[in-house]
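Worksheet: one structure, shown below.
Chain A is the first sequence line, chain B the second, and so forth, proteins listed ahead of strands; every chain is numbered from 1.
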Amino acid sequence: STEAVATKCRRSRTKFTEEQLKILVDAFNKKPYPGYAIKQRLALEVNTEESRIQIWFQNRRARHRFLKRPEKNLDLRQDRAYPEENIQGVRDRRCRTSYTSSQLQTLMNAFMENPYPGIDSRQQLAEDIGVPESRVQIWFQNRRSRLRIQKKREPEEGSAQRQNQGQDL
DNA sequence: CCTAATCTAATCAGGGTCCCCCTGATTAGCCCATTAGG
């Protein structure tokens, strides 16, 4: 098995310089849950894609979640508990991407071909439909997730159309 | 080895359409998610 995709699967690792890390760590200490505007500004300041900034914050939070002092292990979420104090607008998210039907068609076709596209495929796809690669990646994640849920909800369709008792909850 | 990249599951939230549904965006992950590149 494993016909090992010839093309590279993962995006190559981003290597941050010390300066870049200093800026990021500084921002993280100020605000471990930055909104979109802050992430965008950091991306500019550090000269990296915003998606890399987002991943960096995710990974750092994961690492620090348990690195923190055990006596106060609820700190990371404090920031979310008091949204009033946020300098930046509360709940500052990236704007929803709205796909056209032809863009969706392209994504669907690619999904049926391979629901786990590597970086090269995603980038090609992103270029084809004119959307950032990070959005394509999210689209595939959500698509896979919802397909799983749907399959779970409808266990089988081809066989066994009789017994269907007590499956709720 | 360290940590960026990736994954699943759950949840928040925008927008259409009529108050619920679809789906994009964000987050956590707990013997402390897993995988793998440099």
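Counting side-chain heavy-atom gaps under 4.5 Å among Ile, Leu, Val, Met, Phe, Trp and Tyr, A:I55 is found in no cluster with other residues.
Heavy-atom distances under 4.0 Å link DNA chain B to no residue of residues 18-26 of chain A. Contacts between residues 47-57 of chain A and DNA chain B, defined by a heavy-atom separation under 4.0 Å, are made by A:R52, A:Q54, A:I55, A:W56.
In this entry the distance linking CG of A:N142 with C1' of B:dT11 reads 11 Å, nearest Å. Between the CZ atom of A:R146 and the P atom of B:dC22 there is a distance of 10 Å, rounded to whole Å. Regarding A:D92, its CG atom lies at a distance of 12 Å from the P atom of B:dA13, rounded to whole Å. Atom pair A:F16:CZ and B:dC2:P shows a separation of 18 Å (rounding to whole Å applied). In this structure, A:K15 atom NZ and B:dA5 atom P are separated by 12 Å, rounded to whole Å. Distance CD (A:Q141) to P (B:dT6): 9 Å, rounded to an integer number of Å. In this structure, the CZ atom of A:R60 is 18 Å from the C1' atom of B:dT27, given to the nearest Å. Distance CH2 (A:W139) to C1' (B:dC7): 17 Å, rounded to an integer number of Å.
A:F140 and A:F111 have tilted rings, their planes meeting at an angle from 30° to 60° on a 0 to 90° scale.
As rounded to the nearest Å, B:dT8 and B:dG37 have C1' atoms that lie 22 Å from one another. A gap of 22 Å separates the C1' atoms of B:dA25 and B:dC19, to the nearest Å. Comparing B:dT35 with B:dA9, their P atoms are spaced 15 Å from each other, to the whole Å. A gap of 25 Å separates the P atoms of B:dC12 and B:dT17, to the nearest Å.
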Can you name the atoms? Protein N/O to nucleotides 14-21 of chain B N/O, anything below 3.5 Å, with the distance.
| unit_1 | atom_1 | unit_2 | atom_2 | d |
| --- | --- | --- | --- | --- |
| B:dG14 | N2 | A:R96 | NH2 | 3.2 |

List the protein contact pattern of nucleotides 33-38 of chain B with one symbol per nucleotide (5' to 3'): B for base contact, S for sugar-phosphate-only contact, - for none; contact means a heavy-atom distance under 4.0 Å.
--BBBS

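Each of A:I119 and A:C95 has a nearest nucleotide on DNA chain B; the 5'-most of these lies closest to A:I119.
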Worked check of side-chain hydrogen bond (donor to acceptor under 3.5 Å, both in side chains) between A:N109 and A:E113:
CA-CA 6 Å; A:N109 290 341; A:E113 208 172 298; over 6 Å; no

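Candidate nucleotides B:dG24, B:dT6, B:dG29 were compared by shortest atom distance to the side chain of A:R65, and B:dG29 ranks first. Listed nucleotides: B:dT26, B:dC7, B:dG24. Nearest to the side chain of A:K39: B:dT26. For A:T97, the side-chain atoms get nearest to B:dA25 when compared with the rest of B:dT6, B:dA25, B:dC7. The side chain of A:R94 approaches B:dT26 more closely than any other nucleotide in the set B:dT26, B:dA5, B:dT6.
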Residues 46-53 of chain A side chain polar contacts: donor-acceptor under 3.5 Å, at least two apart:
| unit_1 | atom_1 | unit_2 | atom_2 | d |
| --- | --- | --- | --- | --- |
| A:T48 | OG1 | A:V46 | O | 3.3 |
| A:E50 | OE1 | A:R94 | NH1 | 3.3 |
| A:E50 | OE1 | A:R94 | NH2 | 2.9 |

